[in-house]
Amino acid sequence: MTTFTLAHLSDPHLPPLPAARASELFGKRLLGYLNWKRNRHRIHRRDVLDALVTDLRARQPDHIAVTGDLVNLALAAEFAPARAWLEQVGPPARVSLVPGNHDAYVGGAGPRFAASFGDYMRGDSAAGFPYLQRRGPLALIGVSTAVPTAPFMATGWLGQAQLDALDRLLAGLSGQSLFRVLLIHHPLLSTHGYKRLTDSDALQAVLKRCGVELILHGHDHIHSTMWFEGPTGRIPAIGVPSASSIADGHKPAAAYNLFAIERERDGWQCAQTVRGFGDRAGIHELQRTSLI
């Protein structure tokens, strides 16, 4: 069978931050704005993001997954530039998106994000989460953990309705010859309580019962591989650094993943290649690993 290549990038936090109206800067947004001006504007750079996307597109993947945090403070002026950027990455037929916590930074931001990017988050037969998109041998399943939170919090939440719908969706895919990929912004485990997925245990129970072949996430801005129990074996969960970040001594520089997926007899092969900025100039291969 022909190899299908899935690319994965996350957390572009599209720079620069546009001018904010005074009426928008209160509560959590004001704190985020001050943090951007003090620190984050030096870390997230448009030239880094553009170089990474150029390199990704040169690899000519069959499909691209973007796991959230397109914007920073969910200001009204952020959504049009973020939409223009995503269109440069690829059209909705070639790009699958799930939202991150910064895309729902404050109350009311989530619906605005959905209105701006709904065609990148629509299932083949229905809108809403979880969605299902079939692309080649893949079943791409997108969920939303993006909810507004209090200042200094960046937790995520699926909710029982979405968990129940995911359970039904995965049960319906059982027995089909599809490589199932779960797209989610928050990792299933986090070392920081203020960044955790609050109903991760319930999600892990669904995955242990129904299974997927691969989980892709963002949020932590680091290279990450974790393994979770599935019905017939372990499931790899892969995270990736911010797509616009320079190395700042705490988090690595921008990178993206490529997954080469191929059917082999009664199973699957999946090889991961990491490309990004490392210890030498320019973007280059950082790692290559066989996951399955």
Side-chain angles (χ1 to χ4, degrees), residues 1-10 52-53 55-68 89-98 120-124 130-143 166 169-185 187-188 203 206-208 210-218 223-241 243 255-276 283-292:
M1 179 180 285
T2 303
T3 299
F4 188 97
T5 302
L6 174 66
H8 170 221
L9 75 161
S10 196
L52 196 79
V53 171
D55 189 85
L56 184 155
R57 287 175 57 86
R59 305 302 120 191
Q60 298 184 321
D62 296 293
H63 199 77
I64 302 168
V66 182
T67 50
V89 175
R94 297 286 302 278
V95 179
S96 298
L97 173 68
V98 294
Y120 284 90
M121 302 187 292
R122 185 172 293 123
D124 292 337
Y131 68 67
L132 170 63
Q133 298 174 344
R134 298 171 188 258
R135 301 291 185 267
L138 271 58
L140 295 154
I141 301 123
V143 296
L166 178 64
L169 190 159
L170 292 176
L173 294 175
S174 178
Q176 299 186 40
S177 183
L178 291 166
F179 188 93
R180 298 160 297 175
V181 183
L182 179 66
L183 307 180
I184 185 170
H185 179 68
L188 276 63
L203 174 58
V206 171
L207 295 174
K208 184 175 181 180
C210 300
V212 295
E213 278 64 52
L214 180 64
I215 302 166
L216 301 181
H217 69 83
H223 299 283
S224 172
T225 301
M226 295 182 280
W227 297 85
F228 295 92
E229 289 187 63
T232 59
R234 297 193 306 163
I235 304 168
I238 309 297
V240 68
Y256 68 92
N257 293 315
L258 291 169
F259 300 94
I261 299 160
E262 186 173 354
R263 183 78 181 176
E264 185 184 62
R265 297 182 183 177
D266 296 328
W268 294 97
Q269 282 190 341
C270 179
Q272 175 194 7
T273 300
V274 184
R275 291 185 61 83
I283 298 171
H284 52 276
E285 184 175 313
L286 303 176
Q287 181 181 340
R288 186 170 295 202
T289 307
S290 178
L291 295 173
I292 301 173

Nearest-0.5 Å distance, CG of residue L140 to CG of residue L132: 8.0 Å

Smallest separation among heavy atoms of Y120 and G90, with atom names: OH-O, 2.7 Å

Non-hydrogen side-chain atoms of V212 and F179 separated by less than 4.5 Å: no

Heavy-atom neighbours of R59 CZ exceed 12 at 6.0 Å: yes

I292 backbone acceptor or donor facing Q269 side chain under 3.5 Å: no

The single option from V274, N257, T273 passing side chain to side chain contact (heavy atoms under 4.5 Å, CB included) against L286: V274

W268 vs E262, side chain to side chain contact (heavy atoms under 4.5 Å, CB included): CA-CA, chis, key distance, verdict: CA-CA 6 Å; W268 294 97; E262 186 173 354; 6.0 Å; no

V66 and S96: CA distance, side-chain angles, deciding distance, side chain to side chain contact (heavy atoms under 4.5 Å, CB included) verdict: CA-CA 6 Å; V66 182; S96 298; over 6 Å; no

Shortest non-hydrogen contact between P187 and M226, atoms and distance: CB-CE, 3.9 Å

Derivation of the side chain to side chain contact (heavy atoms under 4.5 Å, CB included) call for V98 and M121: CA-CA 6 Å; V98 294; M121 302 187 292; 5.7 Å; no

Heavy-atom pair with the smallest gap, counting every atom of A255 and L52: O-CD2, 3.7 Å

Side-chain donor or acceptor of T67 paired with backbone N/O of S10 under 3.5 Å: no

Nearest atoms (heavy-atom pairs only) where I141 meets R180: CD1-CB, 4.0 Å

Short side-chain to backbone donor-acceptor contact, D124 and R134, under 3.5 Å: yes

Nearest heavy-atom neighbours spanning I215 and F228: CD1-CD1, 4.4 Å

Pair R275 + E285, salt bridge at N-O below 4.0 Å: no

Side chain R57, main chain V89, donor-acceptor under 3.5 Å: yes

Donor-acceptor pair, side chain of D62 and main chain of L6, under 3.5 angstrom: no

pair I238-Q272: side-chain heavy atoms closer than 4.5 Å: yes

Side chain to side chain contact (heavy atoms under 4.5 Å, CB included) between V240 and L9, intermediate numbers included: CA-CA 7 Å; V240 68; L9 75 161; 5.6 Å; no

I235 to G230 - nearest heavy-atom pair and separation: CD1-CA, 3.8 Å

Rounded distance (nearest 0.5 Å) linking atom CG of L169 with atom OH of Y131: 11.5 Å

Test item: L216 and V181 side chains (from C-beta on) under 4.5 Å apart, heavy atoms: yes

Value rounded to 0.5 Å, distance of CH2 in W227 from CG in L188: 14.0 Å

Sidechain-backbone polar pair: H217 side chain, I184 backbone, donor-acceptor under 3.5 Å: no

Side-chain heavy-atom pair S177, R263 within 4.5 angstrom cut-off: yes

Rounded distance (nearest 0.5 Å) linking atom CG of D55 with atom CD1 of I283: 4.5 Å

No-hydrogen, no-angle side-chain donor-acceptor test under 3.5 Å, Q287 and T289: yes

Min side-chain heavy-atom separation L207-L182 under 4.5 Å: yes

Reported CG-to-CD distance for the pair L97 and Q133, which is rounded to 0.5 angstrom: 9.5 Å

Any donor-acceptor pair under 3.5 Å from R135 side chain to A93 backbone: yes

Reported CZ-to-NZ distance for the pair R234 and K208, which is rounded to 0.5 angstrom: 14.0 Å

Within 6.0 angstrom of Q60 CD, more than 12 heavy atoms from elsewhere: no

L138 side chain reached by I261 side chain, heavy atoms, under 4.5 Å: yes

